[in-house]
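One structure is given here, and the rest of the page talks about it.
Small disclaimer: the values here were computed from a predicted structure and weren't measured. Quick note: numbers below take in every heavy atom, side chains included, and nothing from hydrogens, waters or symmetry partners.
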Amino acid sequence: MPEKKAIAEKPLYKQGHIDFSILLVVSLLCAFGLVMVFSSSYYYAQHSSNTNYDGYYYLKRQVIYLVIGYALMLLLTRINYRVIEKFSGVALLVSLFLLGAVLIPGIGRELNGGRRWIEIAGISVQPSEIAKFGLMLYMCSFMVRRRADMHDLKKGLMPLVLIIGMVCGLIMLQPNMSMAVLVGLLGIFLLYLGNAHLKHLAVIAAIAVAAFAILAVVAPYRLERLTSFTTPFAKEHRQGSGYQLVQSYYALGSGGWFGKGLNNSYQKLLYMTYGESDFIFPILCEEFGFVGGVAVLLGYFWIFYRGILIALRCRNRYGSMLAGGISIIFGLQVFVNIGVVTGMLPTTGQSLPFISAGGSSLLIFLTATGVLLNVSRDTTVLQI
């Protein structure tokens, strides 16, 4: 019996070690991301005045952000995650400040009719990307400190719902409805993790869906996006709102099982826009086929799976909430990106973590990975 008990209490892996499987998969995805950014962007960058006709423009930027982000990730694996809780309020305030600042002419950069970017120290940052994690950090801290109040509508739930609404409202002013919906979903999932009552969450979800429907109807271009993605080949959509999805289908379908080979994509030759960022997955599948696409998705699934296990096994409630929140953001981001490029969701702009070109996204997701790896040091598993 004593021997059996000793075996039963043996940790799955030694306490104090990071989850190296996550580090390995993230590193492989980042390395593959560099290859895909170069392959998908070279032709466009070589023929665009925006990049000074430099074919290596996106690759060089991605390498710089990757080096900085990877260093931050490794640094955060050594800093106790409990320290982060002290700055959760600051993280939320900074997020709200940036979301407000991006709306100011001359500060926020206008692109395609929206103000979604701001330049800080020469680095272009998307405040809504930061806001996702700022909101998550604050909510995790709040729900840990006031765990007993989470079933109380006034004391626990309403303050957080108001904050979620404030963040989503500022994002809608950019306007960026897809990101606002993503943040809203994140908030609801986090409330569920924080032990909020299911009947309260059902009411909140119903109100959110109603608001989404109203906002979609009052803006014709939003309504067109919501309807065109189901029939992108229709005559009225094919050269307009459905064009990007049609090109995505061509790329996904022409790759076959094993793809056309690296750098042999046809759609990246100025047929598909944002092929190096939001729509990089179809280019990936065109060059590496169904097998390559599935391999990447399995890598994402492994990170999400391990993140949830870390959340379940963490000995500290704040660490558990933090790991769960990071995993939810990661899972939602991948789901939305893949859903858009495969026609399951309306066309919108969301990057593919670690692979899409985009400095702020890469920096933020690598930073979040560092925190997740840090939490993994504080897990102990008992065999039952």
Side-chain angles (χ1 to χ4, degrees), residues 10-37 59 62-85 129-130 132-133 136-137 140 280-281 284 288 292-316 318-335 337-338 351-381:
K10 185 177 180 180
L12 186 65
Y13 57 89
K14 290 183 179 180
Q15 183 185 356
H17 288 209
I18 65 172
D19 190 320
F20 284 102
S21 68
I22 293 180
L23 179 62
L24 175 62
V25 173
V26 168
S27 300
L28 290 174
L29 286 173
C30 287
F32 185 59
L34 288 181
V35 174
M36 286 311 307
V37 166
L59 176 64
Q62 194 78 350
V63 168
I64 293 171
Y65 287 120
L66 176 58
V67 171
I68 297 172
Y70 206 86
L72 285 173
M73 179 182 70
L74 294 178
L75 176 63
L76 285 169
T77 63
R78 309 302 304 177
I79 299 175
N80 195 312
Y81 66 86
R82 292 177 177 86
V83 176
I84 298 173
E85 186 173 8
E129 290 283 358
I130 297 174
K132 282 190 299 189
F133 289 94
M136 183 269 295
L137 290 175
C140 289
I280 198 170
F281 188 75
L284 184 158
F288 290 92
V294 169
V296 169
L297 292 180
L298 287 175
Y300 287 132
F301 173 78
W302 182 256
I303 297 170
F304 178 76
Y305 166 71
R306 294 301 298 178
I308 295 299
L309 284 184
I310 290 169
L312 293 173
R313 296 167 177 175
C314 184
R315 302 178 303 164
N316 177 274
Y318 177 68
S320 178
M321 291 289 295
L322 206 56
I326 292 171
S327 300
I328 288 171
I329 293 176
F330 182 81
L332 283 173
Q333 187 86 10
V334 174
F335 174 76
N337 181 275
I338 301 301
S351 63
L352 191 61
F354 310 121
I355 292 182
S356 290
S360 61
S361 175
L362 184 59
L363 282 175
I364 291 168
F365 274 102
L366 283 173
T367 301
T369 301
V371 176
L372 180 61
L373 290 173
N374 190 281
V375 177
S376 73
R377 292 179 178 276
D378 198 21
T379 54
T380 303
V381 180

Working to the nearest 0.5 Å, report the span between [atom1] of [X] and [atom2] of [Y].
| X | Y | atom1 | atom2 | value |
| --- | --- | --- | --- | --- |
| Thr77 | Arg377 | OG1 | CZ | 5.5 Å |
| Ile18 | Met73 | CD1 | CE | 8.0 Å |
| Phe304 | Leu309 | CZ | CG | 10.5 Å |
| Arg313 | Ser376 | CZ | OG | 11.0 Å |
| Leu24 | Leu29 | CG | CG | 9.5 Å |
| Glu129 | Gln333 | CD | CD | 5.0 Å |

| request: Output all residues satisfying ring pair (Phe, Tyr, Trp, His ring centres under 6.0 Å) with Tyr300, sequence neighbours left out; order by chain, then residue number. | output: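 Residues passing ring pair (Phe, Tyr, Trp, His ring centres under 6.0 Å) with Tyr300: Phe330.
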
| field | Residues in ring pair (Phe, Tyr, Trp, His ring centres under 6.0 Å) contact with Phe288, at least two apart in sequence or another chain | value |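 Result, ring pair (Phe, Tyr, Trp, His ring centres under 6.0 Å) vs Phe288: Phe32.
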
| task | Go through the steps for Arg306 and Val25 under the test side chain to side chain contact (heavy atoms under 4.5 Å, CB included), then give the verdict. | result | CA-CA 11 Å; Arg306 294 301 298 178; Val25 173; over 6 Å; no

| query | Residues two or more places apart in sequence or in another chain: which of them pass side chain to side chain contact (heavy atoms under 4.5 Å, CB included) with Val63? | reply |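 So Val63 forms a side chain to side chain contact (heavy atoms under 4.5 Å, CB included) with Leu34, Leu59, Val67.
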
| field | Parallel, tilted or perpendicular: ring planes of Phe301 versus Tyr305, cut at 30 and 60 degrees | value |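 Ring orientation of Phe301 relative to Tyr305: parallel.
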
| message | Evaluate Ile84 against Ile79 for side chain to side chain contact (heavy atoms under 4.5 Å, CB included), listing each step before the verdict. | response | CA-CA 9 Å; Ile84 298 173; Ile79 299 175; over 6 Å; no

| said: Among residues at least two apart in sequence or on other chains, which ones pass salt bridge (Lys or Arg N to Asp or Glu O under 4.0 Å) with Arg78? | reply: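 By the salt bridge (Lys or Arg N to Asp or Glu O under 4.0 Å) rule, Arg78 matches no residue at all.
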
Contact summary for [X] and [Y], nearest pair of heavy atoms:
| X | Y | result |
| --- | --- | --- |
| Tyr81 | Cys314 | OH-SG, 3.7 Å |
| Met136 | Gly325 | CG-CA, 3.9 Å |
| Ala357 | Val37 | N-CG2, 3.8 Å |
| Gln62 | Leu362 | NE2-CD2, 3.8 Å |
| Gly359 | Tyr65 | CA-CD1, 3.2 Å |
| Ala311 | Gly324 | CB-N, 3.6 Å |

| request: Give a yes-or-no answer on whether the side chains of Ser351 and Ser361 include a donor-acceptor pair shorter than 3.5 Å. | output: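 Checked: Ser351/Ser361 side chains pair up, N/O donor to acceptor below 3.5 Å.
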
Do [X] and [Y] come close enough that some side-chain heavy atom pair is under 4.5 Å?
| X | Y | value |
| --- | --- | --- |
| Ile326 | Val375 | no |
| Ile364 | Lys132 | no |
| Leu137 | Leu322 | yes |
| Leu76 | Asn374 | no |
| Val296 | Phe354 | no |

Using atom types as modelled, flag every donor-acceptor pair under 3.5 Å from a side chain in residues 366-373 to any protein atom, sequence neighbours excluded.
residue: Thr367; atom: OG1; partner: Leu363; partner atom: O; Å: 2.7
residue: Thr369; atom: OG1; partner: Phe365; partner atom: O; Å: 2.7

| Which pairs with one or both residues in residues 27-37 pass side chain to side chain donor-acceptor pair (under 3.5 Å), sequence neighbours excluded? |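 Applying side chain to side chain donor-acceptor pair (under 3.5 Å) to every pair that reaches into residues 27-37, excluding sequence neighbours, yields Ser27-Tyr70.
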
